[in-house]
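The structure appears right after this line, and notes come after that.
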Amino acid sequence: MYIIVVGAGLIGCSFVGLALKENHEVTAIEQNEEKARSLLQKYNIKVLNADIAEGDILEEAQIERADMIVAATSDDSVNLMAMFLGKEQGVKNLITLINNRQHQTMFERLGVKVVVSPEDIIAQRLYDFIDRA
Amino acid sequence: MKIEPDNPMRILKQIKLAPQARTIMRDMGLFLHVPGLMALISLFISLGWGEYYAILPFGLTILASVSLGQLLYRFRKGAAPARSRHAMITVALSWGIIPIIGAIPFMAIAASLGDGMDTSATVSVFHQPWNAVFESFSGFTSTGLSMALDPAQLPYSLQWWRSLTEWVGGVGVIVLMLSLLQPATDAYNLYSAEGRSRRIALTVRSTVRSIWWIYLVYTVFSITLLKIAGMPWWDALNHGLTGISTGGFSITSGSIGAYAPAIQWATIPIMILGAISFPIHYQLLRRRDLSALWSDAQHRALWLLLILGGILLLLENAVSQDAWLWRDSLFQWASALGTCGFNTTDLKAWSPSAKLLMTLGMFVGGAAGSTVGGLKLNRFVALLQAIAWKFQRLMLTPHQILRYRLGNQVVSETEANRHIESVAVLAFLWLLLLILGIFGLLSQVSPIYTLSDVLFEATSALSSVGLSTGITHPDLTWGGKLVLILFMWMGRLEIMPVLLLFILPWRSLLRRF
């Protein structure tokens with residue numbers, strides 16, 4: 001599978017590692033040059049150091065042949081933009097991380113698979129332990 | 001300042017010196033003891049062979065070495081810790097003075113044998129100080145260019161002295177650099193990053209000890225291998241010492257060519273062992289890990305170049321001499337690339353293309369961190385890598401960033417650029433110096449030597465190889481000898497330390513005005 005990852009923070013980085021282990025092809029887009037370089041030091045993949053809002057950055061990432069876009073930045077508007085552009089280009093699998101729960105319905109209306117904010121996931125897991133006790 | 005002439009030691013103490021100068025003098029003082037120690041060992045060889053006339057010359061050497069060393073070591077009070085700049089100056093100066101002390105046995109033995117009828121022409125040559133100093137420089141830089149007309153005619157003491165200088169000189173530069181440079185300095189990092197003296201164990205002291213152990217083990221191995229292949233003990237001992245140190249002095253007139261084919265084949269792996277870096281040897285011996293030989297880019301390049309160049313030289317000889325010179329081609333190529341300098345054949349007869357190919361091999365040299373000379377393979381690999389990066393950058397899409405891989409690790413763009421810059425500067429300096437030297441040498445040699453001969457000889461000296469087209473000869477003018485001596489000295493220390501030594505006095509002079 002060809003996967004485009006938007007955002008190379010901690011979560012984006014870990015995702016790239018997991019995807020490469022399964023032999024998927026990955027291209028990452030990261031706005032912060034330092035983060036982009038440190039990702040490149042870890043993994044031998046194509047890394048684009050650019051803002052997703054810049055006109056044809058997704059074309060540069062060859063979105064036409066992408067099977068999946070994963071948005072994992074800490075900014076929901078950036079994630080939304082990635083999902084919207086992906087939808088427009090007809091990418092089948094759209095997955096995003098959202099940092100603010102209130103944005104969930106908006107994303108779901110777009111037909112995107114949503115992973116709620118990492119803090120909420122961890123909190124939920126902790127709460128589950130109480131339940132069982 | 002009142003000077004009391006009856007107490008020279010007090011004058012010495014009154015001389016005002018900067019702490020850095022004291023550091024340099026203290027360290028040099030220590031190193032200048034080395035030829036004395038070597039002469040002491042050599043005394044036993046002379047006694048063993050019954051060459052009693054060599055006792056006085058070696059005694060003189062011990063005296064000169066120890067007294068000069070002690071004199072300089074007296075300045076140790078108030079010495080500051082060595083910084084990289086001073087370490088470089090110390091190395092440059094030591095490598096300039098130690099060979100001059102090392103020339104004493106040549107001159108003194110020649111003098112004590114006199115000019116009588118039974119003294120061979122080979123020994124008489126060393127009445128000339130230029131020849132003695134040349135031979136000693138060639139030894140301590142583990143080059144192997146020789147003024148001896150027929151080394152077989154030399155007394156055993158001198159044969160041994162030549163071999164010993166190469167053996168000590170070969171490993172000496174690495175040990176010296178390692179023991180002088182503090183682990184924290186930039187230059188140390190530079191050296192360790194470039195692999196020349198990559199650290200093996202945790203501390204400098206244990207690294208130096210490991211290097212000596214490895215060196216000793218391989219020397220014994222080489223001597224044994226040559227003995228098994230059929231060399232007499234004395235010959236095996238000398239060629240073992242000069243082979244593993246990639247020096248190339250021989251005790252016969254025809255170098256290794258004087259021996260049977262089996263011995264010639266057996267010498268090839270010894271020369272290759274000498275061209276492999278100490279960290280890799282360490283992994284081989286300690287961890288018994290054969291894959292270490294293939295683990296880094298420069299050793300992959302070593303094997304590749306050994307095979308590729310050997311085949312090319314074989315084909316070139318097949319075309320130009322109409323014969324398949326398997327043994328000679330492979331031997332000479334290993335000898336050139338590993339900067340050893342043993343011969344199996346007279347290179348004068350080889351075609352200019354064959355000489356040029358060998359010149360290229362000598363220019364590059366073996367793996368950094370071994371006893372070889374030349375630009376060294378890690379730099380060669382880095383330059384090739386830089387070319388690859390240049391093209392890769394052209395292929396990038398507008399926002400894509402390039403992954404910089406140096407050796408086995410991925411580095412940042414800044415690190416990559418700095419590394420390539422330092423390598424490119426050194427390579428350029430190397431070429432510049434080579435061209436200057438060729439002009440100098442061309443003006444000194446007899447017109448029977450072509451440009452390709454001069455290029456060959458100059459590269460051989462600068463890369464401390466020791467292969468010769470015949471230019472190195474007692475009849476060469478003193479100017480020509482001086483060019484070759486300077487080349488051996490600068491090339492062995494990788495140019496920079498010697499340049500620094502030349503530049504520094506000028507800078508401090510200019511600052512005064």
Side-chain angles (χ1 to χ4, degrees), chain A residues 2-9 12-14 16-17 19-21 24-66 69-73 78 81-82 85-86 89, chain B residues 186 188-195 198-199 279 291-292 294-301 304 378-424:
Chain A
Y2 178 46
I3 307 170
I4 297 175
V5 177
V6 181
C13 267
S14 305
V16 170
L20 287 178
K21 226 178 251 171
H24 295 302
E25 187 190 351
V26 180
T27 290
I29 301 170
E30 168 60 52
Q31 198 179 345
N32 180 309
E33 191 179 339
E34 205 177 311
K35 279 185 187 165
R37 291 206 180 280
S38 80
L39 177 69
L40 202 59
Q41 289 207 357
K42 260 198 215 149
Y43 306 111
N44 189 11
I45 57 168
K46 185 170 174 180
V47 177
L48 304 176
N49 177 213
D51 185 349
I52 184 95
E54 270 179 60
D56 39 12
I57 192 69
L58 280 170
E59 272 77 58
E60 199 182 319
Q62 293 176 298
I63 192 166
E64 68 280 358
R65 65 182 188 88
I69 297 189
V70 175
T73 73
V78 172
M81 182 152 200
L85 292 170
Q89 294 282 337
Chain B
D186 273 356
Y188 187 91
N189 293 334
L190 188 86
Y191 269 85
S192 43
E194 289 177 8
R198 202 176 337 179
R199 290 170 75 186
S291 66
W294 193 250
S295 63
D296 69 342
Q298 73 161 341
H299 288 87
R300 284 195 287 269
L304 216 68
N378 64 333
R379 302 208 176 92
F380 179 68
V381 169
L383 289 174
L384 289 181
Q385 182 75 69
I387 296 172
W389 284 340
K390 187 85 198 164
F391 279 101
Q392 278 168 12
R393 253 189 305 238
L394 288 173
M395 314 287 261
L396 291 181
T397 57
H399 294 91
Q400 196 181 352
I401 48 180
L402 187 63
R403 184 178 155 96
Y404 292 92
R405 227 185 125 88
L406 262 181
N408 286 336
Q409 67 191 92
V410 181
V411 296
S412 71
E413 190 177 16
T414 333
E415 279 177 289
N417 286 340
R418 197 181 303 161
H419 183 75
I420 296 300
E421 186 206 81
S422 73
V423 171

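Below, read A as the first sequence line, B as the second, and so on, with proteins coming before strands; counting in each chain starts at 1.
Note: B/Arg405 CZ to A/Leu40 CG = 11.5 Å, rounded to the nearest 0.5 Å.
Using a 4.5 Å cut-off on side-chain heavy atoms (C-beta onward), B/Ser412 and A/Arg37 make no contact. Side chains of B/Thr397 and A/Lys46 form a contact here, defined as non-hydrogen atoms less than 4.5 Å apart.
Counted within 6.0 Å of CD on B/Glu421, heavy atoms from surrounding residues, nucleotides or ligands total 12 or fewer; the atom is thus considered open. The environment of CD in A/Glu64 is crowded: more than 12 heavy-atom neighbours from other residues, nucleotides or ligands sit within 6.0 Å. In the displayed structure, B/Arg300 atom CZ is contacted under 6.0 Å by more than 12 heavy atoms of other residues, nucleotides or ligands.
Between A/Glu54 and B/His399 the shortest heavy-atom distance is OE1-NE2, 2.8 Å.
Only the backbone of B/Leu402 comes within less than 4.5 Å of a heavy atom of chain A; no side-chain atom from C-beta onward does. Interface remark: A/Ile57 contributes side-chain atoms only to the contact with chain B (heavy atom separation under 4.5 Å).
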